[in-house]
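Everything below concerns the one structure shown next.
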Protein chains: 2
Amino acid sequence: MRLSTTARYSLRALSDLSSSPNNEPVSISGIASRQNIPVTYLEQIFGKLRRGGILESVRGAQGGYMLARPANDITISEILQALGEPVIFGSCQTEKGCENAVTCPTFNLWRKVKGSVDEILRTTTLEDIADEKISLLETQALDPERVEAKRKAEESKGE
Amino acid sequence: MRLSTTARYSLRALSDLSSSPNNEPVSISGIASRQNIPVTYLEQIFGKLRRGGILESVRGAQGGYMLARPANDITISEILQALGEPVIFGSCQTEKGCENAVTCPTFNLWRKVKGSVDEILRTTTLEDIADEKISLLETQALDPERVEAKRKAEESKGE
DNA sequence: TTAATCTTGATAAATTTTGTCGGATATGTT
DNA sequence: AACATATCCGACAAAATTTATCAAGATTAA
C-alpha cells in the first residue's frame, strides 16, 4: 500500500505552481528544475492534469500552465482521479467490481479503509497543502506511536 | 494507491485457516485449492507469516499451518507488517525517512492519511474479518457515494 | 520406508511504473 | 519571415515490482 511517485511528483509540482503569482502561466521546465523532476515525465503528468480539468495551458512562447480553478477549490481526491490513480484496496473496488462481494470476508474492511482515506482526500485542498494548513494537532492525534502509547496506557490501567 | 494481491491472498488464506477447527494444522494445498491461490505462491506467503509470528507450522505428514495466537489477538496491521507490506504514503514514511520533512508540503497530509488507515488496521483483528464483525452501519457511514450525496444535499441547502 | 508436507533459494514471467525520444503544433518576439 | 520558447502526442525503453514457478532438501506420521 503505497503512493506512486507520479502522485508525489504531481503534488509537489502543483504546490510549486500554486505558490507562484497568479494569472501568469508557469513553464514545465521551471517547475521541473526547481522540484527536481524529469522534464519529459512532468510533461506527461501535466497532460493528464489538464485533460482532467485541474490545469489550463497556454501554448507557445511565454506559455505554460496554470491552475484551472482556485487552489482552495481543487481537492487532493480530484487530483488523484485526474492522474488515473484510484484509491483501491480490495479487488471489490476496481471498475468491474467483484462478484462475490457479499460473501467476501474482507469486503467490509477495505470499504471502511477506503471510506476513511477518501474522506480525508476529499476534504483537503491544494491550498491546504501549499499553505500547510493541515493542523499539526490533527496529525498528532492520529500519529501511530501516540495512539499505540495511549492504547498501552489504557490496557495496563485495566489490568 | 492499491493493495497487493499478496495481501489479499493472505487475508483470504488466513480467514480460511481461522475458520477451520483449532489445534489441527491445515495444509497449504487445502487452503490453496479452496481459495484458488497458486500453491507455491502461498508457500512463500506462509513462510513470511510464520517468520513474522502470525503462523506456526508442523512439518511432515499431516502437518500444516495454524495460527500462532487466537484470531482475536492478531491484527490486520500485524499481518501486513509480517508480509513486509508497510503502509506508506509519502517518501517521508519510508524506513530511511525524508530529510526535508519539515518543509515538505505534503508531509502532514500523508501523515494524517497514514494515521487514519493505521488506526483501522490496528483495531481490526483476524477474527473480525473472519466473522465479518465489522459493522455494516460503520461502513455505510463512510461510503464515498453516500458522503458525496450528503455533501451535495447540504450544499444545495445552503444556496 | 514411504508419502505427505513444510523450507529455502533461485529464477522466470508478467505487469506496472518510471522515464526517454522524436517530432508536431502553437505563439510571442525580433 | 525566422526564431525561440513551449505545449502536445504517441510510441518506446528501462527499471522496478509483483506474481508465479521450480528444484532440491528436511521433517515426520503412518
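Chain letters run A, B, ... following the sequence lines, proteins first and then strands; every chain starts at 1.
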Atom [atom1] of [X] to atom [atom2] of [N]: distance rounded to whole Å?
| X | N | atom1 | atom2 | answer |
| --- | --- | --- | --- | --- |
| B/I28 | C/dT7 | CD1 | P | 8 Å |
| B/L83 | D/dT17 | CG | P | 17 Å |
| A/K48 | D/dG10 | NZ | P | 13 Å |
| A/Q62 | D/dA4 | CD | C1' | 9 Å |
| A/E24 | D/dA6 | CD | P | 13 Å |
| A/L49 | D/dT7 | CG | P | 13 Å |
| A/Q44 | D/dA13 | CD | P | 15 Å |
| B/Y41 | C/dT8 | OH | P | 18 Å |

Donor-acceptor pair, [X] side chain versus [Y] backbone, under 3.5 Å?
| X | Y | answer |
| --- | --- | --- |
| A/S27 | A/G30 | yes |
| A/E78 | A/T75 | yes |
| B/R12 | B/Q35 | yes |
| A/D118 | A/G115 | no |

Please check the phosphate of [N] (OP1 and OP2 only) for any side-chain N or O of [X] closer than 4.0 Å.
| X | N | result |
| --- | --- | --- |
| A/Y65 | D/dC8 | yes |
| B/T6 | D/dT19 | yes |
| A/T5 | C/dT17 | no |
| A/R59 | C/dA24 | no |
| B/R50 | C/dC6 | no |
| A/S57 | D/dC8 | yes |

Point to revise | side-chain contact (heavy atoms from CB on, under 4.5 Å) partner of B/V113, the single match among A/L3, A/I76, A/I120 | key: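 With B/V113 as partner, A/L3, A/I76, A/I120 yield a single side-chain contact (heavy atoms from CB on, under 4.5 Å), made by A/I120.
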Check your understanding: For A/G47, which contact category applies under a 4.0 Å heavy-atom criterion: base, sugar-phosphate, or nothing?
Key ->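 Touches nothing.
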Review point. On DNA chain C, nearest-nucleotide positions of B/G60 versus A/Y9: which is more 5'?
Key: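 The residue mapped nearer the 5' terminus is B/G60.
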Review point. Which residue, A/P38 or A/A61, contacts DNA chain C at a nucleotide closer to its 5' end, judged by nearest heavy atom?
Key: A/P38
Check your understanding: Starting at the 5' end of DNA chain D and moving along, which residue's nearest nucleotide shows up first, B/T40 or A/S27?
Key -> A/S27
